[in-house]
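As structure tokens, the structure follows; a few thoughts come after it.
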Amino acid sequence: MWCKHSFKIAQRLPKTILRDCHVTSCRSSQEMKRSVINVSPNTTEKSPRILITGGLGQLGTECAKLLRKNYGSENVILSDIIKPTEESLANGPFIFADILDFKGLQKIVVNYRIDWLIHFSALLSAVGEQNVPLAVRVNIEGMHNVIELAKQYKLRIFIPSTIGAFGPDSPRNPTPNVTVQRPRTIYGVSKVHAELLGEYYHHRFGLDFRCLRFPGVISSDPPGGGTTDYAVAVFHEGLVTRKYECYLEPHTRLPMMYIEDCLSALFQFLNTPNELLLRRVYNVTAMSFTPEELFSELKKHVPDLKISYKPDGRQYIAENWPQVFDDSEARRDWGWQHKYNLEKLVESMVRDVKKNFLTKRSLKEVNSYV
């Protein structure tokens, strides 16, 4: 039976939010909020107009597909500074957008009547260490532009963070939502900067800033220069050559997440009502594994796979990152739940890489630390 207080809370929430949410006893208003499990867009409201920056990276194109499916192709504008593929152009609007050009971004927001801004543009950890000045410009100056733009035009803005936002002084197993961070890569420093600036703009100006700290995200797209990308490269190279040389030591444990869980968390978080968010920044994860554990599971599909280890500078980066992510606050506050474990992740990756990317091209250029 619903108590009167819980019923009042329910009246203030969209009906779609309460779907599949069964309340069996009288609880406090905060407990009622935390019982929300499925967050869906309210189909009675106007669909948001969404701009995705850095849209041709690992997350951008898949995020655009998901959002276009729910809000309509014309309402999701993909942008980047690199040339799009024919497929990217065919799936919906694409425009050139340089995040270092504030005036240009203003024109896009005004001309396309943007409501939400999803900011993926960034240099990843290993690449950033090789070009710190460029990482400062892209990861920090570019972020300043988009967050000021969001304030000026009252946009909902999502900026992803990462396990790289933590450092050697952080507790590693588990790493809680709020703790010492102090990263030692420019990538991590830029992410902590984005988290704190976004929270400041939220409290000072009322900006609807949202941020998820993602673990290593595993997808069938070729790796892009991150420290966790061994878990992607092994599928591309191992399925072709039946061998792989890993740049991390075999027992290096890191948090990971399959891209479908990543996108699910992003979509759910974007659609969570503000009153349910006790924080603006949340950890999310699905599993933690070592290279050895991943390769052991992959060998069930590729029995003749030969693995060797040659740790490089990325080993030092990984040793300063969390081993296990504590995302209990996301699960408590807005009902986050993952679907993919290690076994299901490997099955999906083997299937998708065989289907879409199985070629003779070696990924040595990606797997080498340059």
Side-chain angles (χ1 to χ4, degrees), residues 58 122-132 135-136 139 160-196 212-219 223-235 237-238 244-258 262 281-298 307-327 342 345 363-370:
Q58 181 192 27
L123 264 66
L124 299 183
S125 54
V127 175
E129 288 305 288
Q130 297 308 302
N131 196 337
V132 173
V136 169
N139 293 14
S161 190
T162 169
I163 54 173
F166 297 93
D169 298 322
S170 308
R172 300 184 67 207
N173 188 359
T175 303
N177 212 87
V178 177
T179 187
V180 174
Q181 293 185 253
R182 305 189 69 82
R184 292 187 180 177
T185 65
I186 188 60
Y187 177 62
V189 168
S190 69
K191 288 302 183 182
V192 174
H193 180 67
E195 293 178 16
L196 293 177
L212 294 178
R213 292 193 194 108
F214 290 125
V217 177
I218 313 301
S219 76
T227 298
T228 59
D229 275 350
Y230 82 87
V232 177
V234 66
F235 290 93
E237 189 159 346
Y244 179 70
E245 183 178 88
C246 183
Y247 51 76
L248 297 183
E249 293 179 355
H251 302 297
T252 307
R253 183 171 300 280
L254 292 168
M256 300 284 186
M257 171 183 270
Y258 186 52
C262 174
V281 181
Y282 285 92
N283 294 348
V284 289
T285 191
M287 67 196 89
S288 290
F289 56 73
T290 66
E292 187 175 61
E293 290 169 349
L294 174 63
F295 302 153
S296 177
E297 187 65 32
L298 180 54
I307 298 294
S308 59
Y309 296 90
K310 188 179 180 181
D312 61 24
R314 285 168 284 192
Q315 179 64 36
Y316 171 76
I317 295 174
E319 287 172 354
N320 291 314
W321 283 0
Q323 294 179 328
V324 176
F325 231 14
D326 178 2
D327 63 354
L342 178 57
L345 178 149
L363 296 181
K364 288 184 179 179
E365 73 274 14
V366 178
N367 199 40
S368 62
Y369 187 66
V370 296

Return the minimal non-hydrogen interatomic distance between E249 and P291, and the atom names on each side.
O-CG, 3.5 Å
Minimum heavy-atom separation for S125 and T227, please, with both atom names.
OG-OG1, 2.9 Å
side-chain contact (heavy atoms from CB on, under 4.5 Å) between H251 and E292: does it pass, once the steps are laid out?
CA-CA 6 Å; H251 302 297; E292 187 175 61; 3.0 Å; yes
Min side-chain heavy-atom separation L294-F235 under 4.5 Å:
yes
Value for CD (E195) from OG (S161), rounded to nearest 0.5 Å, stands at 3.5 Å
I218 versus M257: any side-chain heavy-atom pair under 4.5 Å?
no
Between the side chains of T290 and T252, is a donor N or O closer than 3.5 angstrom to an acceptor N or O?
no
Can you list the steps and then say if T179 with F166 is a side-chain contact (heavy atoms from CB on, under 4.5 Å)?
CA-CA 9 Å; T179 187; F166 297 93; 3.6 Å; yes
What is the minimum heavy-atom distance between D327 and T285, and which atoms define it?
OD2-N, 3.0 Å
Quick one: sort the Y230 and Y247 rings into parallel, tilted or perpendicular, breaks at 30° and 60°.
perpendicular
Where do Y309 and L248 come nearest, in terms of heavy atoms and distance?
CD2-O, 3.1 Å
Dump the intermediate steps for side-chain contact (heavy atoms from CB on, under 4.5 Å) on I186 and N139, then the final yes or no.
CA-CA 9 Å; I186 188 60; N139 293 14; 5.9 Å; no
Under a 3.5 Å distance rule, please check whether R213 uses its side chain to pair with a backbone N or O of P160 as donor and acceptor.
no
Quick one about N320 and R184 (side-chain donor to acceptor, distance below 3.5 Å, no hydrogens or angles considered), yes or no?
no
Are R314 and Y316 close enough that some pair of their side-chain heavy atoms sits under 4.5 Å apart?
no
Residues Q181 and S170: side-chain donor-acceptor under 3.5 angstrom:
no
Using the test salt bridge (Lys or Arg N to Asp or Glu O under 4.0 Å), find all partners of R253 that sit at least two apart in sequence or belong to another chain.
E293
Heavy-atom distance under 4.5 Å between the side chains of W321 and L254, does that happen here?
yes
Please check this pair: side chain of N283 against backbone of L212, looking for a donor-acceptor N/O pair closer than 3.5 Å.
no
Run the side-chain contact (heavy atoms from CB on, under 4.5 Å) test on F325 and T175 for me, step by step, so that the C-alpha distance in whole Å, both residues' side-chain angles and the decisive distance to 0.1 Å come before the verdict.
CA-CA 5 Å; F325 231 14; T175 303; 4.1 Å; yes
Between T228 and I163, which heavy-atom pair has the shortest distance, and what is it?
CG2-CD1, 4.3 Å
Atom CE of M256 and atom SG of C262: how far apart are they, to the nearest 0.5 Å?
13.0 Å
Might you point out which heavy atoms bring D326 and P176 nearest each other, and give the distance in Å?
CB-CA, 3.9 Å
Side chains of T185 and E129, donor plus acceptor under 3.5 Å:
no
What's the spacing between Y187 OH and T162 OG1 if we round to 0.5 Å?
4.0 Å
